[in-house]
Amino acid sequence: MGFSVGLAGTRCIGTLCPPRPRPFQSLLLLLWTLLNCVLGSSAQGPGEWTPWGSWSHCSSSCGRGVSVRSRRCIRLPGEEPCWESGHEYRVCQLPDCPPGAVPFRDLQCALYNGHPVLGTQKTYQWIPFHGAPNQCDLNCLAEGHAFYHSFGRVLDGTPCSPGAQGLCVAGRCLSAGCDGVLGSGALEDRCGRCGGANDSCLFVQRVFRDAGAFAGYWNVTLIPEGARHIRVAHRSRNHLALMGVDGHYVLNGNWEVSPPGTYEAAGTRVVYSRAAAPQETLHAAGPTSQDLLLQILLQEPNPGIQFEFWLPRERYGPFQVQTQALGWPVRQPQPREVEARAPIAPPPLMPTLAPDPCPPCPDTRGRAHRLLHYCGSDFVFQARVVGRHRQAQETRYEVHIQLIYKSRWPLRTREYVWAPAHCPCPPLASQQEYLMAVRRLISPDGTQDRLLLPHAGYARPWSPAEDSRIRLAARRCPV
Ligand SMILES: *[C@@H]1O[C@H](CO)[C@@H](O)[C@H](O)[C@H]1NC(C)=O
Ligand SMILES: *[C@@H]1O[C@H](CO)[C@@H](O)[C@H](O)[C@H]1NC(C)=O
């Protein structure tokens, strides 16, 4: 009878099949494994945890309390104790306590009522005292007297102080992460997922620069349903206006300026503030339950409105399409479908005036190229090149980002963009504005996190026509 190790149920194709271990080899492997186990292995690693047991009952009989689960550390001789903790506490929430119920801490103090304590026969009535240093000690005040006594720790699940979120566990005040586990520190990410990495939504951050030709309401952007962490800001005497899908204004509608304050809209609270600077901001945590339309009530030329929000991934494509439908922004004579074959502007010489010895770059014009790079990139933006630093193998551009068309992660106003060659293609000239599609590249060891403009990637001098084309490309990407 032979051994077959690990291959049962594994399908493989032709030459991709791993060599089948022969019975003799398998036997050796088994012996080696057993020996390692019996000798506890010379590597003095930590022991192993058993699986978690089940959660205990809630520590309280009403309101908030804690429930605990435990696991045991199995150690072979010579192994270190397991890392991390053998207990995990989570908040449990039972129906609210009836009015007039005695709070948990009061009950614990009251256990000492009428009992002789402090080594004398005197007895006292005890009530909680909240002025002592450790709020998770059972500090009780002797009623009618000017002293308190600490009776050790409070029981697990006692609120750290009345009305506070934190609960005492093993003498420490812990607050629950978004997973409900006390002390886990788990936070909701920008997409609203507990412990997530911001990867189920996309960050939209733009500056609306169109100056309307007349005073009145202008569409700035649609803020789609599901948006989170919405922020809008501008500095001018114009006023932001917000409209619901039903056509009713949430604020600053119908030529009337609303007072700063908190407004309920689309299932979230919108905080509207106005400073004398003059400056206006809108903030909302979201998620919104309906589309909102952001407008500007123009009284003077628009110097730029910054807005940002996080959108669930599946809403990004439709958002781009709707953005186009809102006519956002039609800057110039309509784009012509036929692309002008204008040559890429030659790079102006750097201040040294040295001739550029770089060989010519491949031709990267055309709609297919644009589409390919738009859809395959992490970021697409309009940026001014403010510096260039050439090294042996790569070139680093410092860019000032002006308008973001697409971004999977937040961008700062100034970023470095790296091109993988001493003579990058296409070359970017200092002080020129480009539309470019770049990727985020994180080195395998995680030490470098860069924006990369791939060789023969998309970077074209900014022009109104190119701007229109890139917006068109945005609509063609598969979502
Ligand atoms: C998610 O994005 C926010 C805002 O940019 C950032 O502060 C946070 O660290 C990000 N979280 C993760 C897990 O990357
Ligand atoms: C703004 O968008 C709304 C909703 O799509 C549309 O009905 C309206 O005509 C637009 N207004 C302007 C000035 O473009």
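All ligand and atom numbering here is 1-based and tracks the order in the structure.
- Not a single donor-acceptor pair under 3.5 Å links the side chain of Thr288 to the backbone N or O of Ile223.
- A salt bridge links Asp378 with Arg408; the closest basic N to acidic carboxylate O contact falls under 4.0 Å.
- The protein heavy-atom contact nearest to atom 5 (O) of ligand 1 is Pro410 CG, 3.4 Å.
- Ranking the protein heavy atoms by distance from atom 13 (C) of ligand 1 puts Gly196 O, 3.6 Å first.
- Under the 4.0 angstrom criterion, atom 9 (O) of ligand 1 counts as lacking any protein heavy-atom contact.
- Residue Asn198 has at least one N or O atom closer than 3.5 Å to an N or O atom of ligand 1.
- Pairing of Cys168 with Cys136 by a disulfide is supported, the SG atoms lying closer than 2.5 Å.
- Every residue meeting the salt bridge (Lys or Arg N to Asp or Glu O under 4.0 Å) condition with Glu300, not counting sequence neighbours, appears here in chain and number order: Arg237.
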